[in-house]
Amino acid sequence: MKIGILTSGGDCPGLNAVIRAIVRKCDQLGVEAFGIMNGWKGIFDESYKPLNLNNIAGIINKGGTILGTARFSPFQEKNGEETLVHKISKEGFDCIIAIGGEGSLHIAHKAQELGINVVGVPKTIDNDIWGTDYTFGFDTAVGIATEAIDRLHSTAESHHRIMILEVMGRHAGWIALYSGIAGGADVVIIPEVKSKISDVIEILKSRYKRGKIFSIIVIAEGATFSKEELDTSKKQSHFDDFGRERLGGIGNFLAEEVERITGFETRATILGHVQRGGVPSAFDRILGTRLGIYSAEMAAEKKFGRMAVLKGDKVTDIPISDSVGKLKTVDMEMYEIAQVFFK
Ligand code: F6P
C-alpha cells in the first residue's frame with residue numbers, strides 16, 4: 001500500500017507530530033508513505049517526498065509543517081477534478097491522508113466523492129471543527145495568548161490603562177474565551193455573542209469605581225458589534241485563497257471607541273500569527289501523535305471517507321461528510337459560567 005500525506009490550509013503547532021506518527025505507524029504496518037508538498041497543490045505540481053524513519057526524526061517539537069502548506073483548492077482550477085484524479089492514480093496513491101481545517105476537509109470530502117480514497121485529520125488553532133472535541137494547535141495558541149495577557153496585565157497595571165488583546169479564531173471564540181479565563185481577563189468578547197460597546201464601558205466604569213483603574217479586554221478577531229455602535233464598514237476587506245475574508249483589526253477599532261467614550265487611556269495588541277508559530281505544547285504533541293497513529297491504521301483498514309476525531313478521552317472516527325459545512329462554536333454553558341469573572 002502507498003499513501004500520500006498532505007497538510008493544507010493554515011499551519012498550526014502539532015502538524016509535525018501527526019506526520020511523524022503516521023510514518024512511524026506506516027513503517028510498522030509495511031505501508032509506503034510519501035509527503036505531498038504544499039497541500040493539495042503538491043498533487044498538481046507532482047511534488048512528492050518519500051518519508052522514512054530518518055527524515056521524520058527530531059520533528060515532534062518543531063512548529064509549522066515539514067511538508068509545507070497552501071490554501072489551494074483543486075476545484076478552483078481549470079479541469080481540476082480530472083487533473084486531481086489523474087495525478088493521484090498516476091502516482092499510485094492508494095490513499096491520501098489529508099490533515100486540514102474546515103476548508104481542507106471540505107476538499108477531502110469532494111475528492112472522496114470523485115472516488116479518491118481519503119482519510120481526514122482535523123487541525124486548527126481555532127478549535128472550530130465540528131465532530132471533534134479538540135483540535136491540536138488550539139492548546140498551544142491558548143498558552144501563547146494567556147502568556148500575552150499575563151504580560152499585558154503588568155504593564156496595564158503600571159500605566160492604569162485599558163489593554164485590549166485581539167486573538168485569532170475566525171468565527172469561533174474558543175481562543176478568546178479559554179485564554180481570557182486562564183489569564184484572568186475582565187471582559188471577553190466572542191463572535192458567538194452579539195456584544196454591546198455600552199456594556200463593555202459599563203464594566204470598565206464599574207471596575208474603576210471599585211478602584212480597579214486598569215482592565216484587560218480579550219476580543220476574538222471575528223467579533224462584531226452593531227453598526228450603530230462600531231462602524232467598521234470602511235475597513236477594506238481582503239480574502240484568502242479559499243475565498244474567506246481575512247479577519248483582524250477589530251481590537252484597534254474598539255480601542256479607539258473605548259478611549260473616546262471613557263477617556264481612559266487604551267491600547268490594542270493584535271497577537272496575530274504568533275499564536276500559530278513555534279513549539280507545540282505537550283498536549284498538542286500527544287493529540288497529534290494519537291491522531292497520526294489512528295489515521296494510519298484507518299488507511300490500512302481502508303476506512304476511507306472518514307476522519308479521526310477526539311471524543312472525550314478516546315480517538316475514534318466519523319464520516320468527513322458529517323463535519324463539513326458546520327462549525328463548532330463556543331460552548332455557551334461555559335461562556336455563561338465564566339461571566340462570574342467578567343465584571
Ligand atoms: O484558521 C486559522 C487562522 O489562524 C485563523 O485564526 C485566522 O483568521 C487565519 O487562519 C489567518 O490566516 P492567514 O494565515 O491566511 O493570515
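Just the heavy atoms: all of them, side chains too, but no hydrogens, waters or symmetry mates, feed the values below. In listed order, ligands and their atoms are each counted from 1.
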Just jot down the ligand 1 atoms closer than 4.0 angstrom to any heavy atom of [X], in number order.
X      : answer
Ile125 : 4 (O)
His273 : 13 (P), 14 (O), 16 (O)
Gly169 : 6 (O)
Glu221 : 5 (C), 6 (O), 7 (C), 8 (O)

Do [X] and [Y] sit within salt-bridge range, that is, some charged N less than 4.0 Å from a carboxylate O?
X      : Y      : answer
Glu46  : Lys87  : yes
Arg306 : Asp317 : yes
Lys2   : Asp94  : no

Are Lys194 and Phe225 in a cation-pi setup, meaning NZ or CZ lies under 6.0 angstrom from the ring centre and within 45 degrees of the ring axis?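 That pair does not qualify as a cation-pi contact.
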Phe136 six-ring face occupied by Lys123 cation (under 6.0 Å, within 45°): no
Any Asp126 heavy atom less than 4.0 Å to ligand 1: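 It does, in that a heavy atom of Asp126 comes within the 4.0 Å cut-off of ligand 1.
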Is the closest heavy-atom distance from Gln275 to ligand 1 below 4.0 Å?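 No, that is not the case, since the closest heavy atom of the residue is not under 4.0 Å from the ligand.
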When you check the side-chain N and O atoms of Glu192 and Thr329, is any donor under 3.5 Å from an acceptor? no
I want to know if ligand 1 touches Arg276 in the polar sense, i.e. an N/O pair below 3.5 angstrom.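 Arg276 vs ligand 1: N/O contact under 3.5 Å present.
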Should the proximity of Arg246 to ligand 1, defined as any heavy atom under 4.0 Å, be assigned to the side chain, the backbone, both, or neither?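 For Arg246, no heavy atom sits under 4.0 Å from ligand 1.
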